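Note that this is a predicted model, so its numbers are computed, not measured.
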Amino acid sequence: QVQLVESGGGWVQPGGSWRLSCVVSGISLDDYGIGWFRRAPGQEREGVSCISRTDGRTYYADSVKGRFTISRDNAKNTVYLQMHSLKPEDTAIYYCAAILDPEGRGGWALPLSYDYWGQGTQVTVSS
C-alpha cells in the first residue's frame with residue numbers, strides 16, 4: 001500500500017522559516033519524483049515544487065523561487081520542503097505527491113500528473 005504522510009505543519013510568523021517532511025512508503029524515491037502542492041482557502045491547488053527521481057532536478061513555482069528549497073533523503077524515503085521568508089500568502093494546506101516524470105504528461109505543476117497523494121498539513125503564516 002502506497003502512503004505519503006506529510007508532517008511539520010504549524011504556525012509561523014511572517015519572515016520566519018519552517019520545514020515540512022513527506023515520508024513515503026510502498027514506493028521508492030528511486031522510482032518516483034515527489035512534488036509539493038498547496039491549497040489556500042478559496043483557491044485552486046497550486047504546484048509549489050518538485051524533485052525528480054533520477055538526477056534530483058528541482059522545480060519551483062515563481063511565487064516561492066529563492067525562498068523554498070526541496071530536498072530528499074532516499075535512505076529515509078523522505079522529501080523535505082524548507083521554507084524561508086514566509087509570507088501570509090504562503091498560508092495553505094501543503095500536500096506531497098508522487099510523480100513518475102516531472103517533465104512528462106502535463107508537467108510537474110499539474111495535479112493530474114501525479115499518481116499518489118498525501119493527506120496534507122496546515123501551515124499558517126500570521127503575526
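For the residue pair Gly9 and Trp18, the shortest heavy atom distance occurs at C-NE1, 3.8 Å. Smallest separation of non-hydrogen atoms from Lys65 and Asp62: NZ-OD1, 3.2 Å. Nearest heavy atom pair, residue Cys22 against residue Leu4, reads SG-CD2, 4.0 Å.
For Ala109, the side chain to side chain contact (heavy atoms under 4.5 Å, CB included) criterion is met by no residue, not counting sequence neighbours. For the disulfide bond (SG atoms under 2.5 Å apart) test, no residue two or more places apart in sequence or in another chain qualifies with Cys50.
Contact annotation: the side chain of Trp36 approaches that of Val79 to within less than 4.5 Å [non-hydrogen atoms, C-beta and beyond]. In this structure, the side chains of Val123 and Trp11 stay at 4.5 Å or more apart for every pair of heavy atoms. Looking only at side-chain heavy atoms (C-beta outward), Ser126 and Pro88 stay at 4.5 Å or farther from each other. Counting heavy atoms from C-beta outward, Met83 and Val12 have side chains that stay 4.5 Å or more apart. Between Leu86 and Gln13 the shortest side-chain heavy-atom distance does not fall below 4.5 Å. Residues Phe68 and Leu81 are in side-chain contact: their nearest non-hydrogen atoms beyond the backbone lie under 4.5 Å apart.
Between atom OG of residue Ser7 and atom CZ of residue Arg19 there is a gap of 9.0 Å, rounded to the nearest 0.5 Å. Note: Gln82 CD to Leu20 CG = 9.0 Å, rounded to the nearest 0.5 Å.
Counting only distance, with no hydrogens or angles, the side chain of Ser21 and the backbone of Tyr80 share no donor-acceptor pair below 3.5 Å. Under a 3.5 Å cut-off, the side chain of Ser52 and the backbone N or O of Gly33 do not form any donor-acceptor pair. At least one donor-acceptor pair under 3.5 Å links the side chain of Arg53 to the backbone N or O of Leu100. Within the 3.5 Å criterion, the main-chain N or O of Cys96 finds a donor-acceptor partner in the side chain of Glu6. Looking only at distances, no side-chain donor or acceptor of Ser63 sits under 3.5 Å from a matching main-chain atom of Ala61.
Side-chain contacts under 4.5 Å among hydrophobic residues (ILVMFWY), followed directly or transitively, place Leu110 together with Leu112. Under the 4.5 angstrom side-chain criterion for Ile, Leu, Val, Met, Phe, Trp and Tyr, the cluster partners of Tyr95 are Phe37, Tyr59, Ile93, Ile99, Trp108, Tyr114, Trp117. If you chain together ILVMFWY residues whose side-chain heavy atoms come under 4.5 Å of each other, Val5 ends up in a group of its own.
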Fill in: side chain to side chain contact (heavy atoms under 4.5 Å, CB included) between Arg72 and Asn77, intermediate numbers included
CA-CA 8 Å; Arg72 68 183 184 193; Asn77 249 25; over 6 Å; no
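With no hydrogens or angles considered, no side-chain donor-acceptor pair links Gln122 and Thr91 at under 3.5 Å. Using modelled atom types, one finds a donor on one side chain and an acceptor on the other under 3.5 Å when comparing Arg38 with Tyr94.
Follow the hydrophobic side-chain contacts under 4.5 Å out from Val23 and you never reach Val48; the two are in separate clusters.
Surrounding CD of Gln119 are at most 12 heavy atoms belonging to other residues, nucleotides or ligands under 6.0 Å away.
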What donor-acceptor contacts under 3.5 angstrom involve side-chain atoms of residues 24-32, with partners at least two apart or in another chain?
{"unit_1": "Ser28", "atom_1": "OG", "unit_2": "Asp30", "atom_2": "N", "d": "2.9"}
{"unit_1": "Asp30", "atom_1": "OD1", "unit_2": "Asn74", "atom_2": "ND2", "d": "2.9"}

